[in-house]
Asks: 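Just passing along the structure, written as structure tokens.
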Amino acid sequence: SQGGAVTVTDNGGAILTTAGDGIFASSTGGAGNVTVIATKDGSIKTSGGGDEGVSVTTNGTGNLVIDLNGAGNDKTVNVTAGDDGLRAIHTGVAGSITIETNGTITTGDDGIRAAIKNAANGSDVTITSNNVIDAGDEGIQADTVGNGNVLVTTGAGGAITGKAQNGIQASTTGLGS
């Protein structure tokens, strides 16, 4: 989208790809939010080595949201991906990142990757994972170079495994905490 809002609603079932991301949603410029939300249980599986399960991006001022728990926080979408399972990259001057998942994530790279890459962006990165992450690199990698906070919450039943690096890597190089 050119500056507008983008919403992808996963109504359950299976999303399968042999090349490319399971879900890719992006907005260029403007204040539109980019949102992926699940309304029913399901699965996302990519076969390619460089493919994300879900990837959302913006260089505008809208928020990035991946909500695989659904509105009632009761949905489970399992993700298997050759690259990152859930990926949200924000390069704009404003706008937060929120990722919520109850499903298992199995990946060749990061399980969840969330980054604000613009130092002028003072918004937060918030991740909630309530299940197992088995990642080839880092289980969860969350960071901002802006002045926002990085908040990572995991559920009691969810082991977070990063086979090549950290289970959870959370950092801010700005004034956030």
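Atom set for the values below is all heavy atoms of this structure, side chains included, hydrogens, waters and symmetry mates excluded.
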Asks: Check the pair Ile23, Ile44 against side chain to side chain contact (heavy atoms under 4.5 Å, CB included), reporting the backbone distance first and the verdict last.
Replies: CA-CA 8 Å; Ile23 297 173; Ile44 299 170; 4.0 Å; yes
Asks: Check whether Val56 and Val6 end up in the same hydrophobic cluster, where Ile, Leu, Val, Met, Phe, Trp and Tyr are linked by side-chain heavy atoms less than 4.5 Å apart.
Replies: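 Both belong to a single hydrophobic cluster.
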Asks: Linking I/L/V/M/F/W/Y whenever their side-chain heavy atoms sit closer than 4.5 Å, directly or via other members, would Ile105 and Val132 fall into one cluster?
Replies: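 No, Ile105 and Val132 fall in different hydrophobic clusters.
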Asks: Evaluate Asp21 against Asp51 for side chain to side chain contact (heavy atoms under 4.5 Å, CB included), listing each step before the verdict.
Replies: CA-CA 5 Å; Asp21 299 336; Asp51 302 326; 4.1 Å; yes
Asks: Using a 4.5 Å cut-off on heavy atoms from C-beta on, say whether the side chain of Thr9 contacts that of Thr7.
Replies: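 Sidechains of Thr9 and Thr7: in contact.
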Asks: Do Ile112 and Val150 share a hydrophobic cluster (ILVMFWY, side-chain heavy atoms under 4.5 Å, transitive)?
Replies: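 Same cluster.
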Asks: Please walk me through it: do Arg113 and Asp143 pass salt bridge (charged side-chain N to carboxylate O under 4.0 Å, His left out)?
Replies: CA-CA 9 Å; Arg113 171 78 174 107; Asp143 51 71; 3.0 Å; yes
Asks: Taking atom types as modelled, find out whether Thr104 and Asn78 have a side-chain donor-acceptor pair closer than 3.5 angstrom.
Replies: yes
Asks: Looking at side-chain heavy atoms only, is the closest gap between Val79 and Leu68 below 4.5 Å?
Replies: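 Result yes, sub-4.5 Å side-chain heavy-atom pair found.
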Asks: Hey, are the side chains of Asn59 and Thr28 touching, using non-hydrogen atoms and a 4.5 Å cut-off?
Replies: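 Yes. Closest side-chain heavy atoms under 4.5 Å.
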Asks: Check for me, please, whether Ile15 and Phe24 land in the same ILVMFWY cluster - side-chain distances under 4.5 Å, paths through other members count.
Replies: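 Unlinked, Ile15 and Phe24 end up in two clusters.
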Asks: State, with a plain yes or no, whether a side-chain heavy atom of Ile127 is found less than 4.5 Å away from one of Ile168.
Replies: no
Asks: Please tell me whether Asn102 and Asn69 have a donor and an acceptor in their side chains that are separated by less than 3.5 angstrom.
Replies: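 Yes.
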Asks: Could you tell me the separation between the NZ atom of Lys40 and the NZ atom of Lys75, rounded to the nearest 0.5 Å?
Replies: 9.0 Å
Asks: Any idea which heavy atoms bring Thr91 and Asn118 closest together, and the distance?
Replies: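 Nearest pair, atom of Thr91 first, then Asn118: O-ND2, 3.1 Å.
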Asks: Do Thr61 and Val93 come within less than 4.5 Å of each other through their side chains, counting heavy atoms only?
Replies: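 Thr61 reaches Val93 side chain to side chain.
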Asks: For a 4.5 angstrom cut-off between non-hydrogen side-chain atoms, does Ile140 reach Ile160?
Replies: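 Yes; the side chains approach each other to less than 4.5 Å.
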Asks: Can you measure from NZ (Lys45) to OG1 (Thr80) and round to the nearest 0.5 angstrom?
Replies: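 If I round to the nearest 0.5 Å, the distance is 6.0 Å.
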Asks: Does a donor on one side chain sit under 3.5 Å from an acceptor on the other, for Thr98 and Glu100?
Replies: no
Asks: Nearest 0.5 angstrom please: Asn63 CG to Ser123 OG, how far?
Replies: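 The distance works out to 6.5 Å.
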Asks: With heavy-atom distances below 4.5 Å as the criterion, would you say the side chains of Ile66 and Thr101 are in contact?
Replies: no
Asks: Could you tell me whether the side chain of Ile37 reaches within less than 4.5 Å of the side chain of Asp67, counting heavy atoms only?
Replies: yes
Asks: Would you please test Arg87 and Asp110 for side chain to side chain contact (heavy atoms under 4.5 Å, CB included) and show each step?
Replies: CA-CA 9 Å; Arg87 178 182 181 93; Asp110 297 334; 5.8 Å; no
Asks: Hey, mind stepping through Thr58 and Leu64 against side chain to side chain contact (heavy atoms under 4.5 Å, CB included) and telling me if it holds?
Replies: CA-CA 8 Å; Thr58 188; Leu64 297 178; 3.7 Å; yes
Asks: Indicate whether any N or O donor in one side chain lies under 3.5 Å from an N or O acceptor in the other, for Asp109 and Thr107.
Replies: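 Note: Asp109 and Thr107 side chains miss the donor-acceptor criterion.
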Asks: Asp10: what forms a side chain to side chain donor-acceptor pair (under 3.5 Å) with it, not counting sequence neighbours?
Replies: none
Asks: Measuring from atom OG1 of Thr106 to atom CG of Asp134, what distance do you get when rounded to the nearest 0.5 angstrom?
Replies: 5.5 Å
Asks: Identify whether Val65 and Ile97 are in the same connected component of the hydrophobic contact network (ILVMFWY, side-chain heavy atoms under 4.5 Å).
Replies: no
